[in-house]
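Scroll down for the structure; my scribbles are underneath it.
What you see below is based on every heavy atom in this structure, not just the backbone, and it leaves out hydrogens, waters and symmetry mates. In what follows, chains carry the letters A, B, and so on, assigned in the order in which the sequence lines appear, proteins first and then strands, with residues in each chain numbered from 1.
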2 protein chains.
Amino acid sequence: MAAAATLGYRPNRIPGIMLSGRSHMVGVVIGGLDNPFYASALERLAIALRQAGLQVLLVQVDDALTLDSALDQLASYRIDAVVTSLAVGSQSVAHAFSELQTPVICFNSSFVGPWISTVTSNNYGAGQTAAEIFLKQGVIHPVWLAGPAKNAASRARADGFCDTLEKASDRFDKLIRLRGDDTYQSGYNAICRLLQRGARPDGIFSSNDMMACGVLDALRECGDLRCPNDVIVLGYDNIPQAAWHGYDLTSFDQRTDQMVTVAMDLLNEALQTVDHPFSQTRTINAQLIERGSTRTSK
Amino acid sequence: MAAAATLGYRPNRIPGIMLSGRSHMVGVVIGGLDNPFYASALERLAIALRQAGLQVLLVQVDDALTLDSALDQLASYRIDAVVTSLAVGSQSVAHAFSELQTPVICFNSSFVGPWISTVTSNNYGAGQTAAEIFLKQGVIHPVWLAGPAKNAASRARADGFCDTLEKASDRFDKLIRLRGDDTYQSGYNAICRLLQRGARPDGIFSSNDMMACGVLDALRECGDLRCPNDVIVLGYDNIPQAAWHGYDLTSFDQRTDQMVTVAMDLLNEALQTVDHPFSQTRTINAQLIERGSTRTSK
DNA sequence: TTGTAAGCGTTATCAA
DNA sequence: TTGATAACGCTTACAA
């Protein structure tokens, strides 16, 4: 032991990988780290994985092409599993994951396939809650600001929101549907254009907080509608900026801590059922964080 | 080949690691992903490493204890090198890195040691530039909002700023020095307290953008000073939020793209001089991005 | 050109 | 309890 210490000997884990076929490495596939929500999710996930004795092999993905080659590489390193928080995904992505023959845990995304498990926020339910808030606050001219069409979570939020609005269609004007790309700027632009067209919304539900921040800045700079007195704004993700005094944005918190815990449970289960496709879905209720952007004294 | 395709065969890279001793994996040690600057730096770094054919073994570190055990694990996986963007670091951290006997590239941090190379922003020079802007804009009551004492980059910015102010000490009131911890809230609190004490600063240089956003919100909410007419504000990092309409913050861009390019150069050099300590330092000039928070018509 | 064998650093198994 | 040996899946060097 003394000799080992002086020589700076470190046991080599590589041979063990060859023997057991388990590398104790997990591929983590991410994209869009510029959204603080994903950055924070990655941080929590990395902590949880380290505590479980697993290494994080990080793969940054911007398009489907890099994903394919990245997955090939992950497979070559004999990773035990893949965790991904890719929001935007087609069925071809799901197919690429399934071909790995390795457990895949989808974090807040919604791929389906034999090896794929999912932990997701209750997007539909949150959409319903948003609609109920609009009802309670007496909103008449509602606006829905969607994320990219490929974002399944955004679609589910829209469904819950629209279905509930329609049940009370006598109390609402026709819903205005806008589309953004989940960035601040797209939220800003969408609302500026809307106001320039002369629309006077009194309730805006944004598919995520980044766009909602853009919405709030657009309201301040274009037109004369004031939040929350003339128009209330609701976001999703509860990013740190939502709590900044300049925004004070009501938002749905996805409770990433719970989601990570559940993801780790799924991961452990999947790792135990070795070489067999493992597929489960778990849903976490988002938690409404009420702030100034919906606080009106009407 | 046909058989390989049907059976889903993937070459195994693990034996190659044993033979060559090179894993083509690079340990990336990060912390504080809640700061968008670090999230974006990580994203760019991950892309560059993948393009260089290197895998990213991610290590999330919150304290020195996890660092030690994490480095042990990295060593066991026979990583080729370490890249870190840890902002806060003592000499004991540098020692832990050096013990790895593996090339370490410090990204915007400043550890010293035989195996350690560094690429850093020209913090001192940016501090000078900030002081010159204050001079030009006729600032009389300057404020410096520092980051954590352990943050070497923040100290260097302070040095450049203070040295230049002192050279023109006849034109400035005594510099007020505040301390934050690089978070939004600490910037907000620092300025609220300052204004409550009755101070009337007319120029605030914040060690990073997160705190500067807090500063801007504090100015809006506490006291009657307006930015930029009564007080100008300067940040560092040029995070996306600095460009948001609600902040419109003048900031120094560290040009992470250039820094990543240089870091990759250093990495390649270090990987070629195998088994020999490699140590170099490169500095990148930060670029001033002028926005509304310093645009005054005085 | 094709084929065989050694070796990488561990773990695990079986024999002494 | 201890010690020798096979095995993991490739690469490489050398022999046929």
I would like to know whether A:Asn122 and A:Thr283 meet side-chain hydrogen bond (donor to acceptor under 3.5 Å, both in side chains); could you show each step before the answer?
CA-CA 6 Å; A:Asn122 182 3; A:Thr283 304; over 6 Å; no

I would like to know whether A:Glu269 and A:Arg282 meet salt bridge (charged side-chain N to carboxylate O under 4.0 Å, His left out); could you show each step before the answer?
CA-CA 13 Å; A:Glu269 276 191 72; A:Arg282 302 273 175 83; 3.3 Å; yes

Verdict with reasoning, B:Arg44 to B:Thr256, per side-chain hydrogen bond (donor to acceptor under 3.5 Å, both in side chains):
CA-CA 8 Å; B:Arg44 287 167 191 271; B:Thr256 42; 3.1 Å; yes

Might you work through the side-chain hydrogen bond (donor to acceptor under 3.5 Å, both in side chains) test for B:Asp209 and B:Ser251, ending with a clear yes or no?
CA-CA 7 Å; B:Asp209 279 358; B:Ser251 184; 2.8 Å; yes

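Between the NE2 atom of A:His24 and the P atom of C:dT11 there is a distance of 11 Å, rounded to whole Å. As a whole-Å value, the separation of B:Ile14 CD1 from D:dT11 C1' is 15 Å. In this structure, CZ of A:Arg13 is placed 17 Å from P of C:dG9, rounded to the nearest angstrom. Nucleotide C:dG7 holds its P atom 21 Å from the CD1 atom of B:Ile17, rounded to whole Å. The distance between atom CG of A:Leu19 and atom P of C:dT11, rounded to the nearest whole Å, is 8 Å. Rounded to an integer number of Å, the gap from CE of A:Met18 to C1' of D:dC8 is 4 Å. C:dT11 atom C1' lies 16 Å from atom CZ of A:Arg22, rounded to whole Å.
OP1 and OP2 of D:dG9 both lie 4.0 Å or more from every side-chain N or O belonging to A:Tyr77. For the pair B:Tyr9 and D:dC10, the criterion of a side-chain N or O lying under 4.0 Å from OP1 or OP2 is met.
With the 3.5 Å cutoff on both pairing distances, Watson-Crick and G-U pairs in DNA chain C assemble into runs of at least 3 at C:3-16 with D:1-14.
There is a side-chain donor-acceptor pair under 3.5 Å between A:Tyr236 and A:Ser121. A donor-acceptor pair shorter than 3.5 Å cannot be found between the side chains of B:Asn238 and B:Gln254.
The side chain of A:Pro15 lies closest to C:dT10, out of C:dT10, C:dC8, D:dC10.
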